[in-house]
Amino acid sequence: MNLPLSYSLIPVPRPLCITLTLLMALLIFSLDYFTHFDMAMATLYVIVVAMAANFASRLGLIAIIFGCLGLAWLGFMLGSGSPLHFVTSLVAIIATGLLVGRSRNALRELERQASLLELTHDAIFVRGLDDKIQYWNSGAEELYGFGRQQAQGRVSHELLNTGAEQSVAPITNQLMRTGRWKGELVQQRADGAWLTVSSRWALLRDSRGRPLAILESNNDITERKKAEASLKEQERSKRVALATIPALVWISRPDMSLDYVNAHWQAQGVGESAKTLGWCQLLHPDDTAQWDAKWQLAWQSQKQGLEVEARLRLNDGSYRWFLHRALPIYGDDGEVARWYGTSIDIQERKSAQEALIKAQAELAHTSRVLSLGELAASIAHEVNQPITTVVTHGEALQLWLRRPELATEEIKAGVAAMVAEGRRAGEIIRRLRDMARNSQAQHGPLQCAALAEEVLAMVRHELERKKVRLSLEASSSLPQIAGDRVQLQQVLLNLILNAIQAMAQVPEEARHLRLDISETGQSLTFSVTDSGMGIPPGQHQQLFNAFYTTREEGMGMGLSICRSIIEAHDGQIWAETPASGGARFSFTLPVAADTALVADHAPL
């Protein structure tokens, strides 16, 4: 690539150039005509052609060349010079015209290339092999603050106080060997500010390949370098934070293999081998199914993150509870590329939860025993009915057996009735035993109306004794729920007894208790409504707090235990005041998964 090292036309006004050119032409014609030197004086017209190149256009230059040829011919016709001199002059004028025209074209091309360099925003300058600046574009003026007059003729490295990761001499040696060099330089502006530039050097050669000059192009990357430095500092700070945060920080691939773990994994006792083992071998076997289900759910939704409690195996072989949270990062193809997550130690919390559950179970047991104490009369009444029936049928059988002719059908019917009543008494005793003993929760499918009737059977005598009218409203077909029969019986029993006690101050004819069971979406709603004195304003939420009670003889634990049981069954419980007065306590229980609708008992 050849570029001008310097370019400028003769700094003389155009009218003066025209005048001087005409005077020179007249002078040469006078010398050719009036002198008789033994030489071709007409060859001096080449001076006129050269002078015209500074101001004449292409057509004007051609006209001047023909004019000089005409003057040479006129001088020859007037008798000045020999034919040889005339021919020599013609050849000289024509050759000079061709050379001048070619030089003008080359100069115009150089000027065009130089103008293109002025259009770029990059700082471009040309320096000789002695490193003195020969060309300085407007981009260099804007970047460095030095004008053309200040820069031209100065050594570039001294002017810009150039510094680099390596000295200038090795860079120059590489440039001379390969013809090019690129890298980063640190240079100083005219106002003293330091710049970091991306620099490219190219060696300019002549037609024979000899070095002529060096073209240097610089682009300011100071702000980019500052941004890169800031980004590196942020990355370093983040790495330090990740290494010191008191939690397990990890990056996982979609195949559940670990790509990164922070230093806290080793401190927590999980070990550096976590990246090699991956989640599949770190998780407790009992937690793997839950982990896989949550992982697949988060993977398929692509909108929510992962949150699951699972145990991790420590280096000593023991397991510890952690709460794992992660968010997906997507690639250009829209698929999950990485999972970024944390694992927080919740072993102490899980231990506290287990202790709380145990304490709640003990309180629930105490509450059941107290409830049974309150229901002593009802229990005696319920057990007395089947026993009385058995005795009655036994006496009837004795009479039938004394007859001469045995009444076979009556005896069979009596025995069957005695067996049925015996089983009924055994069922009552079994339910009371389950309520009294402190057994573990046993979840299974339950029929709602049957569950309600079992509880109502326990309190029927109490309802009769307190003169309370009962109504049960339930749909003819309700889905099953999944739960512990005894615990849910305890909730209904507690709410019904509270409702009966709340109506103690109400006239007997106004005592009405209503139990509703309805289906709402994917859950069933149980509501116990009484016609009592109602709930004091502002106490609806406080009723479910432990040790809070509105009765002087109350312990304040019944409704708190009910809330714990319902929440353990993934339900909700609340209290409200209906428009008709009294109080309504409601709770919801989710429908059992993958169970068909079953026909419950018809509304009572």
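Predicted model only: the values in this text are computed from it and were never measured.
Taking every heavy atom of both residues into account, Leu212 and Arg205 meet most closely at CD1-C, 3.8 Å. Smallest separation of non-hydrogen atoms from Ala151 and Trp136: CB-CD2, 3.4 Å. Residues Arg311 and Asp286 approach most closely at NH2-CB, 3.6 Å, considering heavy atoms. The heavy-atom pair separating Pro479 from Leu524 by the smallest distance is O-CD1, 3.5 Å. Minimum heavy-atom separation, Trp181 to Leu175: N-CD1, 4.1 Å. Residues Thr525 and Ser586 approach most closely at CG2-CB, 4.5 Å, considering heavy atoms.
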> After noting the C-alpha distance and the side-chain angles of Arg325 and Ile344, does the key distance pass the side chain to side chain contact (heavy atoms under 4.5 Å, CB included) rule?
Replying inline: CA-CA 9 Å; Arg325 290 192 178 100; Ile344 303 174; 4.2 Å; yes
>> Apply side chain to side chain contact (heavy atoms under 4.5 Å, CB included) to residues Ile214 and Val126 and explain how you reach the verdict.
In response: CA-CA 6 Å; Ile214 300 171; Val126 179; over 6 Å; no
>> Show, in sequence, the C-alpha distance, side-chain angles and deciding distance for Asp484 and His569, and conclude whether the side chain to side chain contact (heavy atoms under 4.5 Å, CB included) test is met.
In response: CA-CA 9 Å; Asp484 181 83; His569 285 74; 4.0 Å; yes
> Which is it for Leu312 and Leu283 under the side chain to side chain contact (heavy atoms under 4.5 Å, CB included) test, yes or no, and what are the steps along the way?
Replying inline: CA-CA 5 Å; Leu312 293 181; Leu283 293 172; 3.8 Å; yes
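Applying the side chain to side chain donor-acceptor pair (under 3.5 Å) rule to Asp191 yields the partners Arg189; only residues at least two apart in sequence or on another chain are considered. Qualifying ring-ring contact (aromatic ring centres under 6.0 Å, His included) partners for Trp291, counting only residues two or more places apart in sequence or in other chains: Trp279, Trp295, His324.
Residue Arg180 qualifies as open at atom CZ: its count of foreign heavy atoms under 6.0 Å is 12 or below. The neighbour count for Gln572 CD, taken as heavy atoms of other residues, nucleotides or ligands under 6.0 Å away, does not exceed 12. The 12-atom threshold is exceeded at NZ of Lys350, counting heavy atoms of other residues, nucleotides or ligands nearer than 6.0 Å.
Between Arg224 and Glu228 a salt bridge is recorded (basic side-chain N to carboxylate O distance below 4.0 Å).
At a threshold of 4.5 Å between non-hydrogen side-chain atoms, the residues Phe125 and Leu160 count as touching. The shortest side-chain heavy-atom distance between Glu307 and Leu323 falls under the 4.5 Å cut-off. Leu129 places a side-chain heavy atom less than 4.5 Å from the side chain of Met176. Looking at Val308 and Asp287, their side chains never come closer than 4.5 Å, going by heavy atoms from C-beta outward. For the pair Thr588/Thr520, no side-chain contact is recorded, criterion being any heavy-atom separation below 4.5 Å from C-beta on. Looking at Lys182 and Ser198, their side chains never come closer than 4.5 Å, going by heavy atoms from C-beta outward.
His157 contributes atom NE2, which lies 4.0 Å from atom CZ of Arg127 (distance to the nearest 0.5 angstrom). Between atom CD of residue Gln187 and atom OG1 of residue Thr222 there is a gap of 10.0 Å, rounded to the nearest 0.5 Å. Taking CD of Glu348 as the start and CH2 of Trp321 as the end, the distance is 14.5 Å to the nearest 0.5 Å. Separating the CH2 atom in Trp201 from the OG1 atom in Thr178 is a distance of 11.5 Å, to the nearest 0.5 Å. Note that CD1 of Ile481 and CG of Asp570 are 12.0 Å apart. Values are rounded to the nearest 0.5 Å. Atoms NZ and OG, from Lys132 and Ser156 in turn, are 12.0 Å apart once rounded to the nearest 0.5 Å.
Checking side-chain atoms of Thr288 against main-chain N and O of His284 turns up a donor-acceptor pair under 3.5 Å. Under the 3.5 Å distance criterion, the side-chain polar atoms of Ser230 are left unmatched by any main-chain donor or acceptor of Lys226. Using modelled atom types, one side-chain atom of Glu141 and one backbone atom of Arg148 make a donor-acceptor pair closer than 3.5 Å.
Checked against Ser217 for a side-chain contact (heavy atoms from CB on, under 4.5 Å), the options Ile124, Asn137, Val197 give a single hit: Ile124.
With hydrogens and angles left out, the side-chain atoms of Tyr144 and Asn218 include a donor and acceptor closer than 3.5 Å.
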